[in-house]
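To keep things clear, I will list the structure first and then write my remarks on it.
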Amino acid sequence: MQKVSMWVFGLCACLLASAGTAQEAWTVQLTSKQAKAHAEQAGRKPVTAFAISPDGAWGRSHGFQDADQAAKRAMSFCQGELRPRKRDCILFEVAGKRVAPQIVQTRKVSAVYQPLNGRKAAFVFGRAALDFRGNKDGAMAQLATAPTQPSALAQDNKLRAGLTNRTIMTTQAKGFGLWLGDVYAEHLVSTNNGVLVVGFDSWAVTAQGLLCMFNGFWDSGKPVGTKCVLLNSIGNGLVDLSWDGSPNASRKGQLIAGDARFSAAK
């Protein structure tokens, strides 16, 4: 099993409900391997979390200041170890306290998503229903001003709301993802060595379809600055976009209704 750290990316956000899936009772107890991994967690700096599956998968996290984030990462690593027809993960412990009940209803998962698998993302998370048509000439004019802060762009609040807490990503098994949070944003790229991540402290999008992310840094601390894309159109969950470095080269993607930075199970 993979050990979990707050510095490792690629993992799941939450336990997803699956309507109509048969459930069975499980008396919660650690397997020998889970118990060993859990013991190794002792003494780690808070906040820590530990998640387990009755079929042996586990995930752990440490070093977080926020219990929700620690729990999210632990669940993500655990679900990333699952396979279809295996029973889903639950949170066992958060911040040194057991949160799992003695007996819990479990379910078998039908699919497992691991970042940045665009082929499975839509099935597990679903695509977001958002209709938009950009103005490429207008977006190019805005891009030509070289915006470096959100205040430099006339933001479209309706379009921003439709993109917030969703992921723009390719439809292929490997590719890129743009996660757009309430304030923060990330650009993720799948490589043979894992998922590379650039974090941005803010983002803005205009009515013409110019989406810019500001003040970016790699995990190493190397600055990236501003990164922009042109959203040419969005419909039926599919996205047509262009990168700022090649605005005339159209790329196809999808708008995922969830946080595709992390593994997930359905």
So do [Y] and [X] actually touch side chain to side chain, heavy atoms under 4.5 Å?
X	Y	result
W243	R251	yes
K86	R83	yes
S53	L82	yes
R127	T171	yes
V28	I52	yes
P115	R261	no

When you group the ILVMFWY residues by side-chain heavy-atom contacts below 4.5 Å and let the links chain together, are [Y] and [X] in the same group?
X	Y	value
I234	L178	yes
L180	L130	yes
V198	L116	no
M213	V239	yes
L255	F132	yes

Problem - N165 vs W179, side chain to side chain contact (heavy atoms under 4.5 Å, CB included): CA-CA, chis, key distance, verdict - result: CA-CA 7 Å; N165 293 322; W179 179 77; 4.0 Å; yes
For [X], I'd like to know if atom [atom1] has over 12 heavy atoms of other residues, nucleotides or ligands within 6.0 Å.
X	atom1	answer
R160	CZ	yes
R98	CZ	yes
K227	NZ	yes
K136	NZ	yes
N236	CG	no

Handout entry: Among D259, V197, V195, the one residue meeting side chain to side chain contact (heavy atoms under 4.5 Å, CB included) with E186
Key = V197
Problem - side-chain hydrogen bond (donor to acceptor under 3.5 Å, both in side chains) against S151, all qualifying residues, sequence neighbours excluded - result: none
Heavy atoms only: give me the nearest [X]-[Y] pair and the separation to one decimal.
X	Y	value
V124	Y113	CG2-CB, 3.9 Å
N117	M169	C-CE, 4.2 Å
R73	S61	CB-CB, 3.8 Å
A49	Q41	O-NE2, 3.0 Å
T167	G258	OG1-O, 2.7 Å
G118	Q254	O-NE2, 2.9 Å

Practice task
Please work out whether the ring planes of F176 and H187 are parallel, tilted or perpendicular, with thresholds of 30° and 60°.
Solution key: perpendicular
Taking atom [atom1] of [X] and atom [atom2] of [Y], what is their separation to the nearest 0.5 Å?
X	Y	atom1	atom2	result
K72	F64	NZ	CZ	9.5 Å
L163	W203	CG	CH2	5.0 Å
T170	K252	OG1	NZ	14.0 Å
K108	Q23	NZ	CD	12.5 Å
L231	L241	CG	CG	6.5 Å
N215	T226	CG	OG1	8.0 Å

Exercise for the section: Test side chain to side chain contact (heavy atoms under 4.5 Å, CB included) on L211 and I168 and set out the steps. Expected result: CA-CA 11 Å; L211 167 64; I168 299 173; 4.2 Å; yes
Handout entry: From CA spacing to verdict: side-chain hydrogen bond (donor to acceptor under 3.5 Å, both in side chains), D240, S250
Key = CA-CA 6 Å; D240 183 284; S250 177; 2.5 Å; yes
Would a distance-only check, ignoring hydrogens and angles, find a side-chain to backbone donor-acceptor pair under 3.5 Å from [X] to [Y]?
X	Y	value
D55	R87	yes
Q114	G80	yes
T191	N193	yes
D244	C228	yes
T31	Q34	yes
S242	P247	yes

Practice task
Evaluate the salt bridge (charged side-chain N to carboxylate O under 4.0 Å, His left out) criterion for residues R107 and E24: first the C-alpha distance (whole Å), next the side-chain angles of each, then the deciding distance (0.1 Å), finally the verdict.
Solution key: CA-CA 7 Å; R107 67 181 180 90; E24 58 184 82; over 6 Å; no
Exercise for the section: Please determine if K266 forms a cation-pi arrangement with F123, meaning its NZ or CZ atom is less than 6.0 Å from the six-membered ring centre and no more than 45° off the ring axis. Expected result: yes
Practice task
Report the residues that fulfil ring pair (Phe, Tyr, Trp, His ring centres under 6.0 Å) with F92, sequence neighbours left out, ordered by chain and then residue number.
Solution key: H38
Exercise for the section: Verify the ring-centre separation between F200 and Y184: is it less than 6.0 angstrom? Expected result: no
Completion exercise
Cluster membership besides L143, Ile/Leu/Val/Met/Phe/Trp/Tyr side chains within less than 4.5 angstrom, sorted by chain and number, is M140, L153, L210, F214, L230
Practice task
Under the side chain to side chain contact (heavy atoms under 4.5 Å, CB included) rule, what do K158 and V205 come out as? Steps first, then yes or no, please.
Solution key: CA-CA 10 Å; K158 181 178 179 181; V205 65; over 6 Å; no
Handout entry: Flag for T106-D88: side-chain donor and acceptor within less than 3.5 Å
Key =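 Judged by distance alone, the side chains do not pair up.
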Practice task
Go through the steps to decide whether W218 and V224 satisfy the test side chain to side chain contact (heavy atoms under 4.5 Å, CB included), and finish with yes or no.
Solution key: CA-CA 7 Å; W218 291 99; V224 174; 3.4 Å; yes
